Amino acid sequence: MERRGFVKLALTSSVVISCGAIGWSLLRSPRSNAFQSIEQIISFLDALPQATNIESSGNWTPNQIFSHLNQSIEFSLNGFPEYKSELFQSTIGKLVLHVFNVKGAMTHNLSGAFPGADELRKESDLQSDIVRFSKNLRLFLEAQQLAPHFIFGELTKEQYARAHVMHINDHFSELMFKSS
């Protein structure tokens with residue numbers, strides 16, 4: 001076999017194996033699939049009593065989770081601080097989003113911050129974070145133009161809404177809401 005043919009075969013095999021490994025890891029069973037729409041999330045947040053005690057079973061505090069979710073919505077409206085390359089977005093990014101959509105849920109690192117984003121505060125006024133989150137979700141629904149996603153690239157509003165819902169469901173899987 002020619003050297004050029006061998007290199008081409010090796011690179012193609014590496015890409016296929018890598019994509020398969022990524023796909024397999026993303027096909028883990030979903031953590032949560034409670035919400036189907038942004039409107040359902042807003043209704044849930046609006047119905048939360050102010051005295052609700054919220055605990056986290058993960059590495060992040062509830063404050064960090066809501067701050068991260070706020071960043072996610074705000075970045076979709078105003079732009080992310082850092083982006084993966086266009087090549088990454090159009091290949092791996094689109095593949096990952098496709099797998100999430102087929103699965104109907106997102107599974108990702110639940111303590112992974114957005115690249116270049118401000119550090120998440122462990123403690124803050126949680127009620128204010130929740131009100132801000134509900135407001136940001138409403139702003140997203142009203143938005144006419146959205147920034148590209150830092151991993152998935154250009155998305156339609158419907159695709160973005162679905163990605164947000166899956167992202168929120170994944171993070172909410174670590175939250176426990178208890179009446180005080």
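Along the sequence shown, residues carry numbers from 1. Keep in mind it's a predicted model, so treat the numbers as computed, not measured.
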**OP:** Please examine the side chains of Q71 and L120, heavy atoms only from C-beta on, and report whether any two atoms are closer than 4.5 Å.
**Re:** yes
Original post:
With sequence neighbours excluded, what pairs up with R162 under the salt bridge (Lys or Arg N to Asp or Glu O under 4.0 Å) test?
Top reply: none
Original post:
Centres of the F66 and H171 rings: under 6.0 Å?
Top reply: no
Subject >> Non-hydrogen side-chain atoms of H164 and F140 separated by less than 4.5 Å >> reply: yes
Original post:
Looking only at heavy atoms, what is the nearest atom pair of L146 and K157, with distance?
Top reply: CD1-CA, 3.9 Å
Original post:
How about H149 and H167: are their ring centres within less than 6.0 Å of each other?
Top reply: no
**OP:** Look at the side chain of Q64 and the backbone N and O of T61, then say whether any donor-acceptor pair between them is shorter than 3.5 Å.
**Re:** yes
**OP:** Decide yes or no on side chain to side chain donor-acceptor pair (under 3.5 Å) for S134 and N136, but give the supporting numbers first.
**Re:** CA-CA 5 Å; S134 181; N136 281 331; over 6 Å; no
Subject >> Spacing of F75 atom CZ and E82 atom CD [to the nearest 0.5 Å] >> reply: 10.0 Å
Subject >> Qualifying salt bridge (charged side-chain N to carboxylate O under 4.0 Å, His left out) pairs, either residue in residues 121-137, two or more places apart >> reply: E74-R132
Original post:
What is the minimum heavy-atom distance between Y83 and F80, and which atoms define it?
Top reply: OH-N, 3.0 Å
Original post:
Is the backbone N or O of A147 less than 3.5 Å from a side-chain atom of Y160, with the two atoms forming a donor-acceptor pair by type?
Top reply: yes
**OP:** Keeping the roles fixed (side chain from K94, backbone from F88), state whether a donor-acceptor pair exists under 3.5 Å.
**Re:** no
Original post:
Does some side-chain heavy atom of L97 sit less than 4.5 Å from a side-chain heavy atom of L155?
Top reply: yes
Subject >> Nearest heavy atoms of P148 and E154, plus distance in Å >> reply: CG-OE2, 3.2 Å
Original post:
How are the rings of F35 and F172 set to each other: parallel, tilted or perpendicular (split at 30° and 60°)?
Top reply: perpendicular
